[in-house]
2 protein chains.
Amino acid sequence: MTPIRVTTPGGSASPGDSEDLNSRLRIGALHLFETRGFDTTTAEDIAQSAGISRRTFFRYFPVREDVLFSDHAVYLLRVEQRLRAARGEPIRVAGVALDPLVDGLVADADFVTRRAVVIRENVALRDREVLWLREYQQLLGGFLAEQDLGARSAIFAQIVAAALLAALSQVIDRWLAAPGSEDPRALLAELVDEIAESMGESGLRGRGPGAAHPERTGVVVINSRLSADEIAHLIEGAH
Amino acid sequence: MTPIRVTTPGGSASPGDSEDLNSRLRIGALHLFETRGFDTTTAEDIAQSAGISRRTFFRYFPVREDVLFSDHAVYLLRVEQRLRAARGEPIRVAGVALDPLVDGLVADADFVTRRAVVIRENVALRDREVLWLREYQQLLGGFLAEQDLGARSAIFAQIVAAALLAALSQVIDRWLAAPGSEDPRALLAELVDEIAESMGESGLRGRGPGAAHPERTGVVVINSRLSADEIAHLIEGAH
DNA sequence: GCGCTGGATGGCACTGAGTGACAGGATACT
DNA sequence: AGTATCCTGTCACTCAGTGCCATCCAGCGC
């Protein structure tokens with residue numbers, strides 16, 4: 001997956017930039033896909049549109065589909081950095097680490113929305129996007145697997161990672177469907193919060209209290225038919 | 001994805017059966033992959049091993065990789081049936097609906113474990129497996145989306161589906177790594193339970209009480225430094 | 001200036017996946 | 001019988017992806 005040539009030696013920062021070869025390729029390709037359709041556009045066509053040879057094209061993108069996803073190669077690196085740098089409650093850290101991705105997509109809105117249209121109409125592109133998103137999932141999964149998530153930690157690491165990525169995917173979908181109607185980053189934060197609270201350190205009968213967020217206090221009650229006293233009694237007998 | 005020819009008109013039931021063309025192909029292919037490696041085995045080779053022409057092979061499996069995954073086409077149907085038939089708390093229903101898949105894999109253990117070895121060593125096969133698993137996820141996601149999961153129902157449907165499928169994936173991985181050490185179906189049930197409890201109707205500030213599991217009572221307290229009275233007070237002020 | 005070296009590119013040729021079109025051949029139905 | 005239908009094989013074609021080699025263009029030391 002990784003060997004997309006990012007071609008950002010130190011200069012042009014964001015994937016929305018223009019005028020390096022990578023950008024010429026992805027923009028030219030998108031335009032071709034929009035007009036001619038994905039599977040009637042050959043690698044040769046794309047290469048020509050950027051003024052390079054077919055052979056060179058495949059040196060930049062080992063798989064033809066990837067010409068639309070070069071940004072992910074960049075975002076993945078940023079997400080990885082965030083994971084390495086941040087500290088705190090693991091699940092929230094993992095969730096927040098996805099911010100650069102969301103920000104990047106929003107900043108590159110024009111390209112991203114047009115790309116989404118093309119992707120929606122083509123199976124190969126949809127599949128390829130799934131595989132790219134899975135890269136993030138593995139990243140988060142790997143990170144969470146190194147943390148202690150209580151009982152069944154290794155398993156839950158993957159489950160939580162999957163949940164987080166599904167949340168991300170939904171956030172992006174919503175944003176694409178109705179741009180501007182909701183702040184994607186805020187929505188993601190909200191969902192991450194809920195996931196962290198429900199599957200986090202205390203949500204799944206894992207370990208004791210007092211780890212990362214000692215000041216945080218939360219109470220969840222299921223079946224409010226019990227009186228407060230009864231609940232208090234239950235709590236006293238619990239731990 | 002779907003157009004794999006299942007070739008089970010009404011006769012041979014389980015994917016582990018032999019002697020229909022489909023089985024000859026997948027077994028022959030597996031053997032070739034084991035000995036010669038996946039990417040040095042051409043579609044022609046596989047076709048020959050089953051005594052058919054290359055063209056016919058591609059009529060059975062539009063994508064070469066799929067020759068190893070024909071069982072999923074069957075399992076997907078069964079899972080879908082289970083979803084349609086069962087009633088109860090949605091998340092548990094969705095989780096339990098995966099049982100036919102687990103059972104099928106276990107029943108077909110020889111093939112499945114050998115396949116796993118081949119898959120592990122090849123990117124194209126790994127990717128293809130991911131895409132197949134995603135089919136289940138979409139199935140569950142679609143089902144859950146029709147249910148009412150409380151606030152943000154549409155979003156949580158996808159998140160829960162992803163979590164369930166990650167659980168399934170972990171269960172299978174464990175079983176493959178140490179067959180017989182743990183009952184995969186029991187482990188899956190356990191994980192589904194935890195997911196249902198944490199992300200279910202009450203886990204995520206959704207709707208009121210009294211739906212599917214009215215008798216169930218649970219209390220979760222984060223930060224036990226508070227006294228029981230303080231907590232009771234918090235609760236009284238909550239709803 | 002010159003020569004050298006390393007990386008990026010292009011051209012060429014080759015394998016193999018996947019597909020459309022057509023032609024038998026078997027089977028089932030009447 | 002005749003005929004419609006489904007399955008299969010053959011042929012031919014496009015195009016993705018790759019290895020090999022020649023070339024070109026920096027940069028750098030001298």
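A, B, ... follow the sequence lines: proteins, then strands. Residue 1 opens every chain.
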J.: When you measure from the side-chain N and O atoms of B:Thr56 to the phosphate of D:dT8, is any distance below 4.0 Å, counting only OP1 and OP2?
T.: no

J.: Honestly, is A:Arg64 close enough over A:Phe38, meaning NZ or CZ under 6.0 Å from the six-membered ring centre and within 45° of the axis?
T.: yes

J.: Can you measure A:Asp39 atom CG to D:dC13 atom C1' for me and round it to whole angstrom units?
T.: 17 Å

J.: Measure CZ/A:Phe57 against P/D:dC15 and give the value in whole Å, please.
T.: 14 Å

J.: Could you check how far CZ of B:Phe38 sits from P of C:dG16, rounded to whole Å?
T.: 13 Å

J.: Using whole Å, what does the distance between atom C1' of nucleotide C:dA13 and atom CZ of A:Phe58 come to?
T.: 15 Å

J.: Would you kindly give the CZ-to-C1' distance between B:Arg64 and D:dA16, to the nearest whole Å?
T.: 13 Å

J.: Which atom pairs link the protein and nucleotides 24-27 of chain D when you take only N or O atoms and keep those under 3.5 Å?
T.:
none

J.: Tell me whether B:Glu194 is salt-bridged to A:Arg152, with the criterion being a basic N under 4.0 Å from an acidic carboxylate O.
T.: no

J.: Please say whether the positively charged group of A:Arg26, taken as NZ for Lys or CZ for Arg, lies over the ring of A:Phe111, i.e. under 6.0 angstrom from the six-membered ring centre and within 45 degrees of the axis.
T.: yes

J.: Rounded to whole angstrom units, what separation is found between the CD atom of A:Gln48 and the P atom of C:dG11?
T.: 11 Å

J.: Among all residues two or more places apart in sequence or in another chain, which pass the salt bridge (charged side-chain N to carboxylate O under 4.0 Å, His left out) test with A:Arg84?
T.: A:Glu80

J.: Could you check if a side-chain atom of B:Phe69 sits within less than 4.5 angstrom of a side-chain atom of B:Leu131, using non-hydrogen atoms only?
T.: no

J.: In terms of side-chain heavy atoms, does A:Ser23 have a donor or acceptor partner in A:Asp20 at a distance below 3.5 Å?
T.: yes

J.: Which listed nucleotide (D:dA12, D:dT10, C:dG10) is nearest to the side chain of A:Ile52?
T.: C:dG10

J.: What pairs with A:Arg114 under salt bridge (charged side-chain N to carboxylate O under 4.0 Å, His left out), at least two apart in sequence or on another chain?
T.: A:Glu34, A:Asp110

J.: Kindly write out the residues that satisfy ring pair (Phe, Tyr, Trp, His ring centres under 6.0 Å) with A:Phe57, not counting sequence neighbours, or none if the list is empty.
T.: A:Phe61

J.: Protein within reach of the bases, or only the backbone? For nucleotides 20-28 of chain C, mark each nucleotide 5' to 3' as B, S or -, using heavy atoms under 4.0 Å.
T.: BB-------

J.: Below 3.5 Å, can you tabulate the donor-acceptor pairs from side chains in residues 157-183 of chain B to any protein atom, sequence neighbours excluded?
T.:
unit_1: B:Ser181; atom_1: OG; unit_2: B:Ala178; atom_2: O; d: 3.0
unit_1: B:Asp183; atom_1: OD1; unit_2: B:Arg185; atom_2: N; d: 3.4
unit_1: B:Asp183; atom_1: OD2; unit_2: B:Ala186; atom_2: N; d: 3.4

J.: From C-beta outward on A:Arg54, which listed nucleotide comes closest to its side chain: D:dG9, C:dA13, C:dT19?
T.: C:dA13

J.: Would you kindly give the CG-to-P distance between A:Asp20 and C:dT9, to the nearest whole Å?
T.: 12 Å

J.: Can you measure B:Phe61 atom CZ to C:dG16 atom P for me and round it to whole angstrom units?
T.: 21 Å

J.: If only side-chain N and O atoms of B:Tyr60 are considered, is one of them under 4.0 Å from the OP1 or OP2 phosphate oxygen of D:dC7?
T.: no

J.: Can you tell me which nucleotide in C:dT9, D:dC15, D:dT18 comes closest to the side chain of A:Thr42?
T.: D:dC15

